[in-house]
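In listed order, ligands and their atoms are each counted from 1.
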Amino acid sequence: MIKSAVTISIVEEARKGPFVFHDDVAAACEKAAALGFDAVELFAPSAEAINAQPLEELLRKHNLSLAAVGTGAGMVKHGLHLCDADASRRVKGCDFIRGIIEAGAPFGAPAIIGSMQGKWDATTDKETALGYLRDSLNALGEHAKSLGVALIYEPLNRYETNLATTMKEGVALLAPLSTDNVVLLADLFHMNIEEANIADGLRDGGKHIGHVHFVDSNRQAAGRGHMDYAPIAQALADIGYDGYCCAEAFPVPDSDETARQTIETFKAVFRS
Ligand code: LER
Ligand code: MN
């Protein structure tokens with residue numbers, strides 16, 4: 001059965017980012033549980049910041065799971081990414097992600113590689129960049145496997161990456177990997193920009209899809225834009241998806257209303 005989740009960011013630099021709750025993890029967990037969410041997804045500045053949270057206690061108290069942990073702070077705080085022309089910076093990027101993998105694993109939460117994937121550019125051509133990214137996905141994917149969690153790779157829209165922007169390109173990126181432990185994140189906001197048809201894109205991702213960012217066309221709560229969720233739910237059923245649909249959305253008009261609207265739409269789409 002598909003499960004619901006909602007994002008919490010404790011990254012100061014991402015204060016204006018597409019995260020439902022900000023700053024106060026305890027208050028966000030309480031609200032998520034009261035609304036009936038199954039899980040939360042945490043975007044933190046570092047592995048240490050995850051370890052410093054009383055997460056085990058909060059999750060147990062509110063009967064929540066940790067759906068995933070984001071790694072984008074490596075980019076927004078430190079400018080690190082996996083396609084950097086400088087090998088020592090790529091190592092630092094990998095180390096940052098490895099720390100987040102290790103912080104999430106005790107909770108069964110996989111790490112997400114989104115903006116940390118980077119881009120190809122004038123100094124690093126596309127094939128070289130894809131090679132760097134695959135090398136990191138292989139190493140980090142096997143490390144995650146040794147800790148019992150998957151590693152999530154997220155295709156992004158063209159303004160955020162030029163490596164893989166569609167589910168089809170995501171599948172092609174994974175195909176030559178030596179690890180079998182990397183899954184795709186289908187973010188409906190990015191897919192609305194890049195896919196000719198979102199439901200077909202989900203079918204392209206098929207069995208590789210391991211996580212979904214559940215959001216509307218305008219990156220607000222599901223139900224506040226013009227996304228057509230019926231064919232999306234049908235495609236997810238067709239591919240046998242039973243992971244999380246996690247709200248990664250701007251808190252418009254505010255966090256509480258974004259969470260409330262998300263769970264209302266989630267229930268209408270997946271529980272009716
Ligand atoms: C970025 O646009 C995004 O969708 C995040 O999930 C990745 O860091
Ligand atoms: Mn996303």
Side-chain angles (χ1 to χ4, degrees), residues 4-22 39-47 49-50 66-83 93 96-97 99-101 104 109-119 133 136-137 140 150-167 169-170 173 182-195 198 201-202 205 208-222 225 227 232 241 243-252 258 262:
S4 60
V6 60
T7 45
I8 309 171
S9 170
I10 51 170
V11 178
E12 183 53 40
E13 292 82 349
R15 202 66 199 71
K16 295 197 181 328
F19 304 103
V20 176
F21 292 111
H22 290 262
V40 294
E41 179 180 310
L42 186 60
F43 188 69
S46 63
I50 298 175
L66 188 62
V69 280
T71 66
M75 167 65 101
V76 301
K77 280 188 80 74
H78 309 292
L80 297 169
H81 64 87
L82 299 177
C83 293
F96 185 90
I97 294 169
I100 301 278
I101 290 171
I112 299 170
I113 297 182
S115 50
M116 279 296 279
Q117 67 191 272
K119 297 177 183 179
L133 177 59
S136 295
L137 291 176
L140 294 169
L151 178 65
I152 302 174
Y153 168 77
E154 181 174 22
L156 303 173
N157 75 69
R158 67 192 66 186
Y159 306 106
E160 298 183 42
T161 192
N162 49 18
L163 296 169
T165 57
T166 61
M167 287 302 120
E169 288 173 358
L173 177 74
V182 183
V183 297
L184 295 178
L185 197 170
D187 182 323
L188 301 181
F189 166 74
H190 298 303
M191 293 182 77
N192 181 56
I193 296 170
E194 297 297 342
E195 304 283 352
I198 297 176
L202 291 167
H208 297 286
I209 295 181
H211 200 68
V212 171
H213 277 159
F214 184 68
V215 60
D216 220 311
S217 50
N218 50 5
R219 218 172 201 185
Q220 295 182 20
M227 194 79 81
I232 289 171
Y241 181 72
Y244 287 103
C245 272
C246 180
E248 185 185 65
F250 288 112
V252 175
T258 303
T262 293

Is the closest heavy atom of Ser115 to ligand 1 under 4.0 Å? yes

Name whichever N, O or S atom of Glu248 ends up nearest to the Mn ion (ligand 2). OE1

Among the N, O or S atoms of His213, the one nearest the Mn ion (ligand 2): ND1

With heavy-atom distances below 4.5 Å as the criterion, would you say the side chains of His190 and His213 are in contact? no

Set out, in order, the CA-CA distance, both residues' side-chain angles and the distance that settles side-chain hydrogen bond (donor to acceptor under 3.5 Å, both in side chains) for Glu154 and His211, then state yes or no. CA-CA 9 Å; Glu154 181 174 22; His211 200 68; over 6 Å; no

Considering the heavy atoms of His213, write down every atom of ligand 1 situated less than 4.0 Å from one of them. 6 (O)

Given Met75, Glu41, His211, Glu160, identify the one with the heavy atom nearest to atom 2 (O) of ligand 1. Glu160

Answer yes or no: is there an ion pair linking Lys119 with Glu160, defined by an N-O contact shorter than 4.0 Å? no

From the Mn ion (ligand 2) out to just under 2.8 Å, does an N/O/S atom of His190 turn up? no

For the Mn ion (ligand 2), the closest N/O/S atom belonging to Glu154: OE2

Can you tell me the N, O or S atom of Asp187 that's nearest the Mn ion (ligand 2)? OD2

Quick note on ligand 1: atoms under 4.0 Å from a heavy atom of His190 include exactly 1 (C), 2 (O), 3 (C), 4 (O)

Tell me whether Ser9 contacts the main-chain N or O of His22 through its side chain, where contact means a donor paired with an acceptor under 3.5 Å. no

Starting from atom 7 (C) of ligand 1, what is the nearest protein heavy atom, named by residue and atom, and what distance separates them? Glu154 OE1, 2.9 Å

Pairwise side-chain contact, Leu185 with Ile112, heavy-atom cut-off 4.5 Å (strictly under): yes

Under 4.0 Å from a heavy atom of Arg219: give me the atoms of ligand 1 that qualify, with their elements. 1 (C), 2 (O), 3 (C), 4 (O)

Region of Met116 engaging ligand 1 - heavy atom pairs below 4.0 Å: neither

Atoms in ligand 1 flagged as close to Asp187, the criterion being non-hydrogen separation under 4.0 Å: 4 (O)

Check for me whether Gly114 has a heavy atom closer than 4.0 Å to any atom of ligand 1. yes

Ile232 side chain reached by Val212 side chain, heavy atoms, under 4.5 Å: no

